[in-house]
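Note sheet for the following structure.
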2 protein chains.
Amino acid sequence: MRMGQGVEWALHCCLNLAWTGTPVPASRLAALYDLPPAYLNKQLQALVRAGLCESVPGPRGGFRLARPPGEVSLLDVVVALEGPEDAFRCTSILAAGPGGDPGADYPDTCAISLSMRRAELAWRRELAARSLADVSDDVLRHTPGAADRVRDALTA
Amino acid sequence: MRMGQGVEWALHCCLNLAWTGTPVPASRLAALYDLPPAYLNKQLQALVRAGLCESVPGPRGGFRLARPPGEVSLLDVVVALEGPEDAFRCTSILAAGPGGDPGADYPDTCAISLSMRRAELAWRRELAARSLADVSDDVLRHTPGAADRVRDALTA
DNA sequence: GATTTGATACTCGGATAGGACTTGTCCGAGTTGGTGAGG
DNA sequence: CCTCACCAACTCGGACAAGTCCTATCCGAGTATCAAATC
């Protein structure tokens with residue numbers, strides 16, 4: 001159960017975009033952390049498809065947040081890159097077992113599936129309750145100059 | 001972020017082993033749900049390595065639970081198959097950014113890493129709080145004859 | 001000096017290879033249970 | 001009838017391929033900017 005590397009990149013990039021406000025090209029974001037520019041571009045495209053970011057082509061173009069930082073949750077970013085499906089997949093193997101009913105809706109009735117889903121709901125709830133603005137507040141409380149440093153590095 | 005298919009198989013098998021008590025060969029467990037016998041055997045080996053199951057070789061052999069069902073949590077099974085690492089991996093990309101400190105412990109200080117870890121802790125807490133005995137109770141409350149049917153099918 | 005026109009450089013976007021991990025399969029080592037002969 | 005040795009079948013266990021997803025890269029379509037030429 002491994003999460004794609006792009007999630008970490010996208011989260012940091014979204015936070016940086018929240019601090020700049022203006023469009024920033026993927027190549028400049030990649031240069032900040034020594035990341036593969038083209039691959040990071042691919043991840044940001046997924047954020048655009050999910051409606052989290054907007055892309056501006058041409059010179060002075062790049063990516064910017066499509067919504068205020070307080071309206072973008074960490075769950076939004078994770079779902080945009082990893083997809084909406086649950087990590088645990090119930091394939092209704094009980095249907096083939098003794099007393100199994102091929103027509104039953106096992107993903108919604110099997111006790112194991114429900115237990116796993118409950119755990120993932122708790123995970124999603126935590127991520128949904130945390131917005132980019134919340135994370136930004138935490139960072140600036142610990143390192144007040146972080147936003148200015150990033151803004152200078154990205155808009156130079 | 002996809003969980004291995006073996007987790008579902010292992011969870012159902014552990015529940016069935018809790019109902020039988022006696023060793024059951026992997027081939028018989030696989031026949032219950034039309035699963036690949038050798039591959040299921042592989043998953044059960046992981047449970048043995050984790051100390052959740054015990055294996056008995058030779059005729060009348062198979063796998064049995066190493067501990068009482070109340071002492072085996074769903075988290076134990078998931079960790080045995082998926083590993084103890086978190087799904088989200090902090091690679092300390094901040095160290096390469098502006099104001100980054102190569103010696104800092106970013107996995108334990110970065111606000112993004114901490115937020116992701118908090119969510120995974122909530123997930124783990126839910127899984128750790130649910131034992132095989134709890135799941136068994138839920139199943140038998142809804143389908144009282146399930147344990148007997150499985151026992152008959154596996155020990156026939 | 002203001003305007004138009006063209007070229008230019010820069011951006012995203014999707015299509016295209018390489019690598020890692022999950023999935024699936026096979027055969028050998030070890031052990032138990034039964035079976036037959038012998039006492 | 002009891003004991004013992006042998007054989008055979010069954011089990012796990014690890015080593016060996018195939019498929020799928022993540023990772024990484026490249027090149028083309030589109031656009032704003034800048035410069036030069038013209039009015």
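Note on naming: letters A, B, ... go to the chains in the order of the sequence lines (proteins, then strands), and numbering restarts at 1 for each one. On a predicted model such as this, the values are computed, not experimentally measured, just so you know.
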query = What's the CD-C1' distance between A:Q43 and D:dT25, to the nearest Å?
reply = 13 Å
message = So if I take every side-chain heavy atom of A:P59 and compare against D:dC12, D:dA32, D:dC22, which nucleotide ends up nearest?
response = D:dA32
ask   = To the nearest angstrom, how far is B:K42 atom NZ from C:dT23 atom C1'?
value = 10 Å
key: Donor-acceptor pair, side chain of A:E120 and main chain of A:A87, under 3.5 angstrom   = yes
query = What nucleotide, of D:dT25, D:dT23, C:dT23, holds the atom closest to the side chain of A:R2?
reply = D:dT23
remark   = Rounded to whole Å, the CZ-P distance (B:R28 to D:dT11) equals 7 Å
query = The side chain of A:F63 lies closest to which of these nucleotides: D:dT25, D:dT23, C:dC12?
reply = C:dC12
ask   = Is there a side-chain contact between A:L132 and A:L74, using heavy atoms and a 4.5 Å cut-off?
value = yes
ask   = Whole Å only: how far is the CD atom of A:E82 from the P atom of D:dC21?
value = 13 Å
key: Pair B:D152 + B:R149: basic N to acidic O under 4.0 Å   = no
inquiry  = Using a heavy-atom cut-off of 4.0 Å across all strands, would you classify A:R89 as base, sugar-phosphate, or nothing?
reply    = sugar-phosphate
query = From the list D:dT11, C:dC26, C:dG33, which nucleotide is the closest neighbour of the side chain of B:A38?
reply = C:dC26
ask   = Where each residue is assigned the nucleotide of DNA chain D containing its nearest heavy atom, which of A:P57 and A:P37 is assigned the position nearer the 5′ end?
value = A:P37
message = Rounded to whole Å, how long is the line connecting atom OH of A:Y39 with atom C1' of C:dC12?
response = 18 Å
remark   = When rounded to whole Å, the CE to P distance for the pair B:M3 and D:dC21 reads 17 Å
task = Mind calculating the distance between CG (B:N41) and C1' (C:dT23) to the nearest angstrom?
result = 15 Å
query = Quick one: is A:S55 getting a side-chain N or O under 4.0 Å of the C:dG13 phosphate, OP1 or OP2?
reply = yes
ask   = Does C:dG14 have OP1 or OP2 sitting under 4.0 Å from an N or O in the side chain of A:R49?
value = yes
query = Between A:R130 and A:D76, is the closest basic N to carboxylate O distance under 4.0 Å?
reply = no
D:dG14 phosphate, OP1 or OP2, under 4.0 Å from B:Q45 side-chain N/O = yes
inquiry  = Without decimals, in angstroms, what is the distance between B:W9 CH2 and C:dG24 C1'?
reply    = 9 Å
request  = For the pair A:D86 and B:R2, find out whether any cationic side-chain nitrogen is under 4.0 Å from an anionic carboxylate oxygen.
outcome  = no
